[in-house]
Amino acid sequence: MSGAACFADARAHLVSALDACIGDSRHLKRALARAVVAGLLPDPFVSARAVAAAAPCDLPLAYLAFRAAVPRPSSFAFASLIRAHSASLDPSPAFSLFAAMLRSGLYPDRFVLLSLLRASARCTNTSPSTVLFLHAVALRRGLHSDLHVATSLLHAYASLGLLDVSLKLLDEMPQKSTVTYNALISCCAKSAWYEHGLDLFTEMLLQGTHVNADTLVAGLSCCAGLGALGHGRSIHACAVRRLSCLTSELGTSLLQMYTKCGSLEEARRVFDQMQTTRDVSAWTAMMSGLAMHGQGEEALDLFERMMKDGVAPDSMAFTTALHACSHCGLFEAGAKIFKEMKGVHGIEPRMEHFGIMVDLLGRAGQLEEAMQIVESMPSKPSKVVLGALLHASMANGETMLRKQLERQLLELETEAGEEGGFFVGVSNLYAAVGRWNEVCKIRNKMVEKGLKKEKGFSLVEVDGKLHKFLVADKRHPLTMEMYRTLHGMDSGGMMLE
DNA sequence: CAATAGTATT
């Protein structure tokens with residue numbers, strides 16, 4: 001056998017060995033060691049296969065193989081690493097790798113593009129220009145009409161909150177899949193575009209696009225946001241008709257929908273049906289529903305039962321349990337849970353937990369303790385935490401502290417370039433204590449920045465049709481009658497609940 | 001090799 005043939009043979013052998021241990025870090029290390037000994041790891045082809053095999057389970061090892069390539073890593077090696085990062089907790093290194101890839105003169109292919117779009121959608125701090133750039137790349141390379149690329153692109157825009165762009169893209173897509181719709185509907189729910197989400201759901205049914213369990217989950221989130229009980233019920237019926245059993249995801253969405261729509265009874269019924277499929281999410285949704293309806297004690301009972309059932313609480317479960325305590329005035333129970341969170345369960349409290357604790361202690365009149373919480377925090381308190389403390393100091397007549405907090409909060413606001421909603425929130429806090437000077441200052445600042453708060457509105461479902469009412473809305477033909485009824489409820493001493 | 005529940009606050 002000639003030298004060249006021998007080399008090729010050894011290389012092929014090694015590559016198949018590498019492929020055989022994808023995801024198995026220990027075996028991979030052994031195969032890599034053999035590659036090094038045989039002097040084959042620098043071969044870009046071998047290196048790339050090693051990167052691909054190691055990336056899903058052992059990133060440092062993948063980088064080792066990546067850097068070994070001579071003269072440089074191949075496109076395939078870049079793609080594997082970028083893909084691994086796009087799926088990880090912090091996808092941002094995917095972009096540095098992409099930059100390095102471009103610098104070494106390699107073009108992004110379909111796989112790289114898909115991974116980068118996924119990374120954009122999952123990063124919390126992606127800038128719109130990143131997605132715009134990837135969009136341009138897709139167009140330039142003629143990949144924009146590929147169904148998966150188009151779906152990922154639409155999802156990337158939607159994750160930024162640019163839903164109008166996503167909807168336009170959807171409109172222009174020659175073919176759309178279930179996944180395309182699911183991605184968009186769930187983003188609508190996340191960005192409070194509930195009505196659009198439900199419209200898309202209906203559109204799917206009308207044009208015969210297949211609806212799966214995930215579609216129903218996304219649709220239910222929209223119903224929950226709208227309080228559209230009727231629509232929620234028909235999605236529930238749809239689920240019962242199509243699926244043999246309730247998955248925990250679907251059950252959890254149903255719980256959320258029913259409790260947010262005010263039907264605790266139906267939520268309970270679903271929860272009872274879920275005996276074998278209850279996980280942390282399901283327990284959490286039920287707890288939150290109870291707390292929402294003023295049943296804090298029951299929520300805490302559920303929290304206890306969950307742990308007895310052997311389901312470990314996570315960060316969100318604690319958020320919910322603490323909120324139940326704060327909301328229902330169970331101050332001692334809340335303090336105990338907060339302590340045990342780290343002490344017994346080893347879960348580090350985060351910003352939300354601190355915020356709820358400050359709120360809870362403030363309501364209990366324990367301002368000292370609330371301040372201690374803020375001082376004990378590992379990072380700078382967010383505006384929510386400071387706002388809770390401000391609220392507490394106002395309720396407790398602490399002028400000094402209040403003044404200090406007001407200054408801090410305003411600084412935070414101005415540097416962050418906030419949206420309208422929070423400005424209004426802060427100005428309401430000032431208004432509540434009659435500090436009209438401060439109210440004026442904030443309002444002026446908002447005008448300067450061209451910020452406007454979206455008008456408040458409520459939605460009411462009657463006979464399956466949604467009706468929208470803006471603040472001080474008088475356009476409905478039956479306006480007078482409605483206001484009369486409202487006033488009647490006020491003065492007639494009619495009690496709700 | 002496209003998307004994926006449950007929380008808190010405005």
Side-chain angles (χ1 to χ4, degrees), chain A residues 52 56 79-80 82-84 86-87 109-115 117-118 121-122 143 146-156 158-159 166 173 176-187 189-190 192 212-218 220-221 224 246-257 259-260 277-289 291-292 306 313-324 326-327 350-360 382-388 391 413 418-429 453-454 456:
Chain A
S80 303
I82 291 175
R83 192 165 117 77
S86 79
D109 58 8
R110 181 171 171 275
F111 304 130
V112 170
L113 193 59
L114 283 171
S115 301
L117 285 168
R118 172 151 70 150
R122 297 192 50 223
L143 292 166
D146 175 272
L147 179 59
H148 289 197
V149 171
T151 297
S152 297
L153 191 56
L154 175 151
H155 180 236
S159 302
S166 303
M173 277 172 76
K176 315 156 197 194
S177 69
T178 302
V179 175
T180 314
Y181 276 104
N182 290 358
L184 195 44
I185 295 173
S186 67
C187 284
K190 273 193 204 110
N212 66 15
D214 300 320
T215 320
L216 303 183
V217 167
L220 284 168
S221 293
L246 276 187
T247 61
S248 75
E249 283 92 343
L250 198 47
T252 302
S253 306
L254 283 168
L255 290 177
Q256 188 212 27
M257 184 277 291
T259 55
K260 291 221 165 135
T277 49
R278 282 178 202 160
D279 53 12
V280 215
S281 302
W283 286 98
T284 304
M286 193 66 224
M287 273 167 55
S288 141
M292 213 185 286
M306 172 181 87
D314 62 4
S315 190
M316 277 188 183
F318 276 105
T319 306
T320 306
L322 290 173
H323 176 249
S326 161
H327 189 71
R350 294 198 302 229
M351 206 57 88
E352 319 85 273
H353 305 107
F354 289 117
I356 297 169
M357 279 316 284
V358 168
D359 183 60
L360 182 146
S382 69
K383 59 196 177 185
V384 176
V385 176
L386 285 180
H391 195 80
E413 287 318 310
E418 260 306 325
E419 294 151 30
F422 196 74
F423 268 104
V424 173
V426 177
S427 99
N428 285 345
L429 282 177
K453 185 185 184 298
E454 203 188 323

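Note that the structure is predicted; figures quoted are calculated from it, not measured. Below, chain A is the first sequence line, B the second, and so on; all start at residue 1.
Atom-to-atom, NZ of Lys176(A) to P of dA3(B) comes out at 19 Å; the value is rounded to the nearest Å. With rounding to whole Å, Glu249(A) atom CD is found 10 Å from dG6(B) atom P. Atom CG in Leu250(A) sits roughly 9 Å away from atom C1' in dA5(B) (whole-Å rounding). In this structure, Leu255(A) places its CG atom 10 Å from P of dT7(B), rounding to the nearest Å. Atom CG in Leu216(A) sits about 15 Å away from atom P in dA5(B), given to the nearest Å. Between Asn212(A) atom CG and dA5(B) atom P the separation is 13 Å, expressed in whole Å. Regarding Gln256(A), its CD atom lies at a distance of 8 Å from the C1' atom of dA5(B), rounded to whole Å. Distance, Tyr181(A) OH to dA3(B) P: 18 Å, rounded to whole Å.
Distance from the side chain of Glu352(A) is smallest to dT7(B) among dA3(B), dA5(B), dT7(B). Nearest to the side chain of Ser152(A), among dA2(B), dT7(B), dA5(B), sits dA2(B). In this structure, of dA2(B), dG6(B), dA8(B), it is dA2(B) that holds the atom nearest to the side chain of His148(A). Ranking dT4(B), dA8(B), dT9(B) by closeness to the Val384(A) side chain, first place goes to dT9(B). Of the candidates dA3(B), dA2(B), dA5(B), the closest approach to any side-chain atom of Ser253(A) belongs to dA5(B). Nearest nucleotide to the side chain of Ile356(A), out of dA2(B), dA3(B), dA8(B): dA8(B). Listed nucleotides: dG6(B), dA2(B), dA3(B). Nearest to the side chain of Thr284(A): dG6(B).
Residue Arg110(A) is classed as having no contact, given no heavy-atom separation below 4.0 Å to the nucleic acid. At the heavy-atom level, Val149(A) lies nowhere under 4.0 Å from the strands shown. Among the atoms of the strands shown, base atoms are found under 4.0 Å from some heavy atom of Leu147(A). In this structure, Asp314(A) reaches the bases: a heavy-atom distance under 4.0 Å links it to at least one base atom across the strands shown. Residue-level contact check: Val179(A) touches the bases, meaning some heavy atom is under 4.0 Å from a base atom.
For Asp279(A) against dG6(B), no side-chain N or O and base N or O form a donor-acceptor pair under 3.5 Å. Donor-acceptor pairing under 3.5 Å, judged by distance alone, is present between the side chain of Ser177(A) and the base of dA2(B). No hydrogens or angles were tested; on distance alone, a donor-acceptor pair under 3.5 Å links the side chain of Ser248(A) to the base of dA5(B).
Residue Ser221(A) has a polar side-chain atom (N or O) positioned under 4.0 Å from OP1 or OP2 of dG6(B). Residue His323(A) has a polar side-chain atom (N or O) positioned under 4.0 Å from OP1 or OP2 of dA8(B). For dA3(B), neither phosphate oxygen OP1 nor OP2 lies less than 4.0 angstrom from any side-chain nitrogen or oxygen of Ser186(A). At dT9(B), none of the side-chain N or O atoms of His391(A) fall inside 4.0 Å of OP1 or OP2 (strictly under the cut-off). Of the side-chain N and O atoms in His327(A), none sit less than 4.0 angstrom from OP1 or OP2 of dA8(B).
In terms of the salt bridge (Lys or Arg N to Asp or Glu O under 4.0 Å) criterion, Asp214(A) has no residue partners (sequence neighbours excluded). Under the rule for a salt bridge (Lys or Arg N to Asp or Glu O under 4.0 Å), Glu249(A) has no partner lying at least two apart in sequence or in another chain.
Closest of all the heavy-atom pairs between Leu113(A) and Leu143(A) is CD2-CD1, 3.8 Å.
The distance from atom OG of Ser288(A) to atom CD of Gln256(A), rounded to the nearest 0.5 Å, is 8.0 Å.
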Query raised in the report: Is there a side chain to side chain contact (heavy atoms under 4.5 Å, CB included) between Leu216(A) and Ser253(A) once you walk through the steps?
Result: CA-CA 9 Å; Leu216(A) 303 183; Ser253(A) 306; over 6 Å; no

Query raised in the report: Can you list the steps and then say if Thr319(A) with His353(A) is a side chain to side chain donor-acceptor pair (under 3.5 Å)?
Result: CA-CA 6 Å; Thr319(A) 306; His353(A) 305 107; 3.1 Å; yes

Requested in this report: Step by step, work out the side chain to side chain contact (heavy atoms under 4.5 Å, CB included) result for Arg110(A) and Asp146(A).
Outcome: CA-CA 9 Å; Arg110(A) 181 171 171 275; Asp146(A) 175 272; 2.9 Å; yes

